[in-house]
Number of protein chains: 2
Amino acid sequence: MTRRHNRTRAERGIPEATVARLPVYLRALHSLQERGVATVSSEELATAAGVNSAKLRKDLSHLGSYGTRGVGYEVEYLVYQISRELGLTQDWVVAIIGVGNLGRALAGYGGFASRGFRVAALLDADESVVGERISGLTVRHIDDLESVVAEQGVSIAVLATPAAAAQSLCDRVVAAGVTSVLNFAPVVLSVPEGVDVRKVDLSIELQILAFHEQRKAGGPGEGGWAGELDGPGDRPRGEGPPGTKQYIEAVEA
Amino acid sequence: MTRRHNRTRAERGIPEATVARLPVYLRALHSLQERGVATVSSEELATAAGVNSAKLRKDLSHLGSYGTRGVGYEVEYLVYQISRELGLTQDWVVAIIGVGNLGRALAGYGGFASRGFRVAALLDADESVVGERISGLTVRHIDDLESVVAEQGVSIAVLATPAAAAQSLCDRVVAAGVTSVLNFAPVVLSVPEGVDVRKVDLSIELQILAFHEQRKAGGPGEGGWAGELDGPGDRPRGEGPPGTKQYIEAVEA
DNA sequence: CCATGTGAACTAATTCACAGCG
DNA sequence: CGCTGTGAATTAGTTCACATGG
């Protein structure tokens, strides 16, 4: 919040929206780097990252003044600066909790190893998967969670468990000292101050798409304005507007 | 922006931030419903959804006036209204493109079927998986993409392919008439006006966590302010500050 | 009397537009 | 001259706080 030195810039506090875009810029830069491009303008990089150039420049300006006026940005240098800002110049030890379909997919995901993330452990409660070897790691029993976290120095836990198990496992990893959690289970996790949680939720994404899809087709419901004037009083109870699937009964997965 | 009728509320145009939270509220409501709760206050629901109550009320107010002052919201009714707003009172036909680890995990994900999303097809380019049966569906060859989209009336495509294939497959599904894409490949997709794309990106999420994790440990880089005073001129070229992993060489996954 | 619904105040994020530097 | 970097203007989102109505 308050400045605590004479920091020339960056000044402790990059906007969250900017932080969320830095990885995108970084990926675009890597791709340029592979193609042997040495220098890039804000316009070009912005296009590659799918944003407009003003936003890109403003974002980068939060890190410092790393461009050259009249020229652009040196790709390699910018890659380094963004990597450093994101904390990718050091390794982060990751544990994946839950080795179902998703956990396996994550364990095999190349993107982990490539950028400073080292998967050090796979854990599961199911005896029948414990001991199995996946992507070079032996699945360990969830009882070992605390010792694994301590021994390996895990700082990021990836939760790929059923919803019902997520909160209590989250509590355990946090108690064991993990301060960042990436949650794939469809639940809202509560964690103490100082612990960061990020959520990846397929079904939420689909529902957002459905909203826009419906809108393209014209208004909510089937015929557009079912229930328009219903103040409390003429509420549909137990049935939707004619022709619609009624309510939603299925259980959460 | 300007009102264009005497619409009592909703007024065409729910803020994007609100849309993104509606699925969370919906999930919390379903969970209350399962526990037999009939009525809920904004305070309770907000807690369950992990937001504050003012935000929840403001969000719901964009849909209409569905609460009762002094009492709260009727769970069942609110479930219905949010579902309708999100377009979940109708079925959406989904095709999953790419049947690797991730595609399989997605195909088996219960959250699909449960809320108005019907996976109608699995497609892959790899001959060795074509014909395989997964979660009740036979994997079809990617050559059939256009006909599958047309026959099944697919409106949402889920891309779970390698990065290199994503854009051209995206082009194909869009050309075939799909107007919503959920992209798991680590690339920025470009699509024509009117097509919605949402991105789920593991490695971005991890990088955001790393940023905050690093911050907890105190400042970027190892020793805090490597390159502090470097205006252009004394840039590190080809090496990072002492002791840091240098640059990032690995390829994108 | 209590919890919703909402103007008003505030904070964050985006976009504009141009000064200024290489 | 061409591009970055950035104040200023705008727009979006959040939070406050309370009038309102069941």
Side-chain angles (χ1 to χ4, degrees), chain A residues 1-2 8-22 24-25 29 38-47 49-75 77-78 81-82 208 230-235, chain B residues 1-3 7-22 24-25 29 37-75 77-78 81-82 208 230-235:
Chain A
M1 310 295 154
T2 52
T8 39
R9 46 163 164 54
E11 205 81 40
R12 218 89 288 248
I14 296 174
E16 198 49 42
T18 296
V19 173
R21 282 187 295 264
L22 291 178
V24 181
Y25 303 154
L29 286 164
T39 280
V40 69
S41 71
S42 65
E43 195 63 44
E44 294 165 322
L45 182 53
T47 301
V51 302
N52 73 36
S53 63
K55 192 186 279 181
L56 178 109
R57 289 199 303 278
K58 177 77 81 178
D59 283 341
L60 294 184
S61 78
H62 288 113
L63 314 193
S65 213
Y66 295 142
T68 307
R69 288 163 197 251
V71 179
Y73 302 89
E74 195 193 325
V75 173
Y77 183 56
L78 194 51
Q81 290 299 342
I82 295 178
I208 295 170
D230 55 347
D234 68 323
R235 304 170 176 184
Chain B
M1 312 293 151
T2 51
R3 60 195 56 206
R7 294 272 157 65
T8 38
R9 47 167 165 53
E11 204 80 45
R12 219 88 286 257
I14 296 174
E16 197 51 40
T18 296
V19 172
R21 283 186 295 263
L22 290 178
V24 181
Y25 302 155
L29 285 164
V37 177
T39 279
V40 69
S41 71
S42 65
E43 195 64 45
E44 295 163 323
L45 183 52
T47 301
V51 300
N52 73 36
S53 64
K55 192 186 278 182
L56 177 107
R57 289 199 303 277
K58 177 75 82 179
D59 282 342
L60 294 184
S61 78
H62 288 113
L63 315 192
S65 214
Y66 296 141
T68 308
R69 288 166 196 251
V71 179
Y73 302 88
E74 193 193 325
V75 173
Y77 184 57
L78 195 51
Q81 291 299 343
I82 295 178
I208 295 169
D230 55 346
D234 68 322
R235 305 172 176 181

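Here is the naming used below: chain letters follow the sequence lines, and residue numbers restart at 1 for every chain.
Proximity of B/Ser41 to the phosphate of C/dA3: no side-chain N or O atom is located under 4.0 Å from OP1 or OP2. Contact annotation: B/Ser42 side-chain N/O to C/dT4 OP1/OP2 distance is under 4.0 Å. Under 4.0 angstrom from either OP1 or OP2 of C/dG5 there lies at least one side-chain N or O belonging to B/Tyr73.
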Practice problem: Would you please test A/Leu45 and A/Leu78 for side chain to side chain contact (heavy atoms under 4.5 Å, CB included) and show each step? | Solution: CA-CA 11 Å; A/Leu45 182 53; A/Leu78 194 51; 4.0 Å; yes
- Using the side chain to side chain contact (heavy atoms under 4.5 Å, CB included) rule, take A/Thr68 and A/Thr39 through it: C-alpha gap first, then chi angles, then the decisive distance, then the call. CA-CA 10 Å; A/Thr68 307; A/Thr39 280; over 6 Å; no
Start with the C-alpha gap between B/Lys58 and B/Thr18, add the side-chain angles, then the distance that decides, and say whether side chain to side chain contact (heavy atoms under 4.5 Å, CB included) holds.
-> CA-CA 9 Å; B/Lys58 177 75 82 179; B/Thr18 296; over 6 Å; no
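In this structure, the CD1 atom of B/Ile14 is 15 Å from the P atom of D/dA12, given to the nearest Å. Here C/dG22 presents its P atom at 17 Å from OH of A/Tyr66, a figure rounded to the nearest Å. Between the C1' atom of D/dG2 and the CG atom of A/Leu45 lies a distance of 17 Å, rounded to the nearest Å. A/Leu78 places its CG atom 14 Å from the C1' atom of D/dG5, with the value rounded to the nearest Å. Spacing between atom CD of A/Glu74 and atom C1' of D/dT4 amounts to 15 Å, rounded to whole angstrom units. One can place CG of B/Leu22 at 13 Å from P of D/dG13, the figure rounded to the nearest angstrom. Rounded to whole Å, the distance from OH on A/Tyr77 to P on D/dT4 is 16 Å. The distance from atom CG of A/Leu63 to atom C1' of D/dT6 is 15 Å, rounded to the nearest whole Å.
For the ring-ring contact (aromatic ring centres under 6.0 Å, His included) with A/Tyr66, the qualifying choice from A/Tyr73, A/Tyr77, A/Tyr25 is A/Tyr77, the only one to do so.
Heavy-atom nearest nucleotides on DNA chain C were determined for A/Arg69 and for A/Arg57, and the one closer to the 5' end corresponds to A/Arg57. Residue order along DNA chain D, read from the 5' end via each residue's closest nucleotide, puts A/Ala54 first among A/Ala54 and B/Ala54.
Rounded to the nearest 0.5 angstrom, B/Ile82 CD1 and B/Leu29 CG are separated by 5.0 Å. Put simply, NE2 on B/His62 and CZ on B/Arg57 are 13.5 Å apart, with the number rounded to the nearest 0.5 Å. Of the inter-residue distances, the one linking A/Leu60 atom CG with A/Ser53 atom OG reads 11.0 Å to the nearest 0.5 angstrom.
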What does the list of N/O pairs under 3.5 Å between the protein and nucleotides 11-14 of chain C look like, with a distance for each?
residue: C/dT14; atom: OP1; partner: A/Arg21; partner atom: NH1; Å: 3.0
residue: C/dT14; atom: OP2; partner: A/Arg21; partner atom: NH1; Å: 3.2
residue: C/dT14; atom: OP2; partner: A/Arg21; partner atom: NH2; Å: 2.8

